[in-house]
Amino acid sequence: MKLEQITEPLLSWYEKNKRDLPWRREPTPYHVWVSEIMLQQTRVEAVKDYYRRFLAELPGTRDLAACPENKLLKLWEGLGYYNRVKNMQKAAKEIVEEYGGNIPPDYEKILALPGIGSYTAGAVSSIAFGLKKPAVDGNVLRVISRITENGEDILKQSVKRRVEQELEAVMPEDRPGAFNQSLMELGATVCIPNGMAKCDVCPVRHLCSARAHGTVLDYPKKAAKKQRRIEEKTVLLIQNGQEYAICKRPDKGLLAGLYEFPNMEGWLTQEEVLKAVEELKLMPLHIRAAGEAKHIFSHVEWHMKGYVVKVASTEEKKAGSLLFINKKESKGKYPIPSAFSAYRKYIEED
DNA sequence: AAGACGGGGTA
DNA sequence: TACCCAGTCTT
């Protein structure tokens with residue numbers, strides 16, 4: 001089978017079946033860029049509302065470059081992989097400084113920006129600028145591995161590089177963006193992961209080797225991933241009147257720069273919690289358990305036990321690294337990740 | 001080459 | 001549960 005044969009059927013199918021997505025309405029370079037960053041490891045349905053809200057607040061590259069970090073993280077709150085938005089702002093500043101505020105229509109220059117790898121550089125280049133560059137993501141690797149019945153591990157970068165080369169060689173000069181999107185659209189809606197592929201409506205079923213051999217569900221091949229480690233944590237809801245304490249996470253590592261409830265490693269007893277609160281220069285008045293919660297990240301699990309600790313009123317809005325906030329501030333101002341959602345309700349209620 | 005980095009939908 | 005998602009950066 002010559003891979004080149006897929007281009008015409010894919011393009012025809014795409015024109016008839018493409019979804020109406022917010023970022024396809026007016027595919028300016030900025031719009032395409034923002035959408036592609038949000039879509040990294042994130043489903044279309046999850047992105048839609050974030051995308052609309054983000055563009056309403058930050059309609060252009062210069063707005064993004066000038067946005068305060070707390071507001072930026074708040075716009076990303078719950079979407080995950082927060083380095084994406086920090087890198088995007090770094091890139092926005094570079095674009096303002098180096099390119100007068102406009103993303104350059106140049107694949108190599110786009111690729112050199114922070115947070116942009118070969119996939120995103122190819123997507124922006126082809127969709128926004130009509131450049132003949134492939135955009136190979138998980139969808140494309142799945143589709144191609146099935147069509148060619150290739151049993152190599154698609155997580156290996158050598159496999160991805162080769163697919164990029166092969167696709168670049170067969171891409172249509174005139175519609176590279178539509179071609180890239182047709183492969184991704186096919187992977188997202190027809191040649192879907194875990195579950196039955198809808199081969200009966202696939203525009204390239206007659207060219208698919210796995211389809212011919214009844215082995216579609218055997219592809220793509222992927223190496224098994226290793227087990228998550230488990231971390232036990234104690235989460236404190238330190239209550240001072242109508243306010244609760246939060247603190248800022250370090251600016252590197254997991255959930256960098258976001259806010260959280262004070263917490264410590266391990267499961268502490270009530271006595272240990274009271275002692276810890278006193279070490280924060282606070283006077284505990286009352287303590288009660290606040291339930292358990294589990295949060296699963298891709299590489300680690302948090303097993304949390306919570307306590308509500310009422311403390312004697314402090315004059316200070318800040319006590320050490322702690323910041324006391326009320327319900328309204330927590331909603332509008334400080335980005336708090338979903339990992340704490342089980343405990344966030346203690347300040348959002350009442 | 002392998003690990004870090006979120007969160008939610010789905011079977 | 002486990003997998004996967006319009007991946008990228010660091011080690």
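A note on names: the letters A, B, ... follow the listed sequences, proteins ahead of strands, and every chain is numbered from 1.
C:dC3 sits 15 Å from B:dG6 when the C1' atoms are compared, rounded to a whole Å. Rounded to the nearest Å, the gap between the C1' atom of B:dG9 and that of C:dT8 is 23 Å. Rounded to a whole angstrom, the distance from the P atom of B:dA4 to that of C:dA6 is 24 Å.
Here A:R84 does not reach the OP1 or OP2 of C:dC9: none of its side-chain N or O atoms lies under 4.0 Å away. At least one side-chain nitrogen or oxygen of A:N139 sits closer than 4.0 Å to the OP1 or OP2 atom of C:dA6. Listed pair A:H299 / B:dC5 meets the phosphate criterion, a side-chain N or O lying under 4.0 Å from OP1 or OP2. A:K294 has a side-chain polar atom (N or O) that falls below the 4.0 Å cut-off from OP1 or OP2 of C:dT1. Applying the 4.0 Å criterion to OP1 and OP2 of B:dG6, one finds that A:H295 has every side-chain N and O outside that range.
The distance from the CE atom of A:M38 to the CG atom of A:L79 is 6.0 Å, given to the nearest 0.5 Å. Within the model, atoms CZ of A:F340 and CG of A:L258 stand 9.5 Å from one another, a figure rounded to the nearest 0.5 Å.
Of the two residues contacting DNA chain C, namely A:R228 and A:Q41, the nearest-nucleotide position lying further toward the 5' end is that of A:R228. Each of A:G195 and A:S338 lies near DNA chain B, and the nucleotide nearest A:S338 is the one positioned closer to the 5' end.
Within 6.0 Å of the NZ atom in A:K198, the count of heavy atoms belonging to other residues, nucleotides or ligands does not exceed 12. The local environment of CZ in A:R25 is sparse, with at most 12 non-hydrogen atoms from other residues, nucleotides or ligands closer than 6.0 Å.
Considering only the side chain of A:L255, B:dG6 comes nearest among C:dG7, B:dA4, B:dG6. Candidate nucleotides C:dC3, B:dG7, B:dG6 were compared by shortest atom distance to the side chain of A:Y81, and B:dG6 ranks first. Which of C:dA6, B:dG7, C:dC5 sits closest to the side chain of A:R24 comes down to C:dA6. Considering only side-chain atoms of A:Q40, the nucleotide from C:dT8, B:dG7, C:dC5 that sits closest is C:dT8. Comparing B:dC5, C:dT1, B:dG7 against the side chain of A:L254 picks out B:dC5 as the nearest. In this structure, the nucleotide among C:dC4, B:dG7, C:dA6 sitting nearest to the side chain of A:K222 is C:dC4. Of the candidates C:dA6, B:dA4, C:dC9, C:dA6 carries the atom nearest the A:E36 side chain, counting heavy atoms from C-beta on.
Rounding to whole angstrom units, CH2 of residue A:W302 and C1' of B:dG6 are separated by 11 Å. Spacing between atom CZ of A:F297 and atom C1' of C:dC5 amounts to 18 Å, rounded to whole angstrom units. One atom, CD of A:E152, and another, C1' of B:dA1, lie 16 Å apart when rounded to the nearest Å. Summarising the geometry, the separation between NZ on A:K86 and C1' on B:dA4 is reported as 13 Å, rounded to the nearest angstrom. Rounded to whole Å, the distance from CG on A:L111 to C1' on C:dC9 is 13 Å. Here the C1' atom of nucleotide B:dG3 and the CD atom of A:Q227 are 16 Å apart, to the nearest Å. Whole-Å rounding puts the A:R142 CZ to C:dG7 C1' distance at 14 Å. Straight-line distance from the CG atom of A:N194 to the C1' atom of B:dG8: 13 Å, rounded to whole Å.
Ring pair A:F297/A:W302: centre-to-centre distance below 6.0 Å.
Using a 4.0 Å cutoff on non-hydrogen atoms, the parts of residues 154-190 of chain A near DNA chain B are A:Q157, ordered by number. Contacts between residues 42-65 of chain A and DNA chain B, defined by a heavy-atom separation below 4.0 Å, involve A:T42, A:R43, listed by number.
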Exercise answer: donor-acceptor pairs, residues 125-140 of chain A side-chain atoms, under 3.5 Å, sequence neighbours excluded:
residue, atom, partner, partner atom, Å
A:S125, OG, A:A121, O, 2.7
A:S126, OG, A:G122, O, 2.8
A:S126, OG, A:A123, O, 3.3
A:S126, OG, A:N180, ND2, 2.9
A:D137, OD1, A:N139, N, 3.2
A:D137, OD1, A:V140, N, 2.9
A:D137, OD2, A:N139, ND2, 3.3
A:N139, OD1, A:R142, NH2, 2.6

| task | Decide side-chain hydrogen bond (donor to acceptor under 3.5 Å, both in side chains) for A:E36 and A:Y119; before the verdict, give the C-alpha distance in whole Å, the side-chain angles of both, and the deciding distance to 0.1 Å. | result | CA-CA 9 Å; A:E36 292 299 344; A:Y119 164 74; 2.5 Å; yes
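Nearest approach of A:F54 to A:L75, heavy atoms of both residues: CD1-CB, 4.0 Å.
Cation-pi geometry between A:K16 and A:Y14 is not met: the NZ or CZ atom fails to fall both under 6.0 Å from the ring centre and inside 45° of the normal.
At a threshold of 4.0 angstrom between heavy atoms, the contacts of A:S35 with the nucleic acid are absent. Among the heavy atoms of the strands, none lies under 4.0 Å from A:A256. Nucleic acid contact for A:L79: base, since at least one base atom lies under 4.0 Å from a heavy atom of the residue.
Of the possible polar contacts, none joining the A:W13 side chain to the A:V204 backbone as a donor-acceptor pair under 3.5 Å is found. With hydrogens and angles ignored, the 3.5 Å screen pairs no side-chain donor or acceptor of A:R211 with any backbone N or O of A:C199.
Linking ILVMFWY residues whenever their side-chain heavy atoms come closer than 4.5 Å, directly or via other members, places A:L323 and A:L255 in the same cluster.
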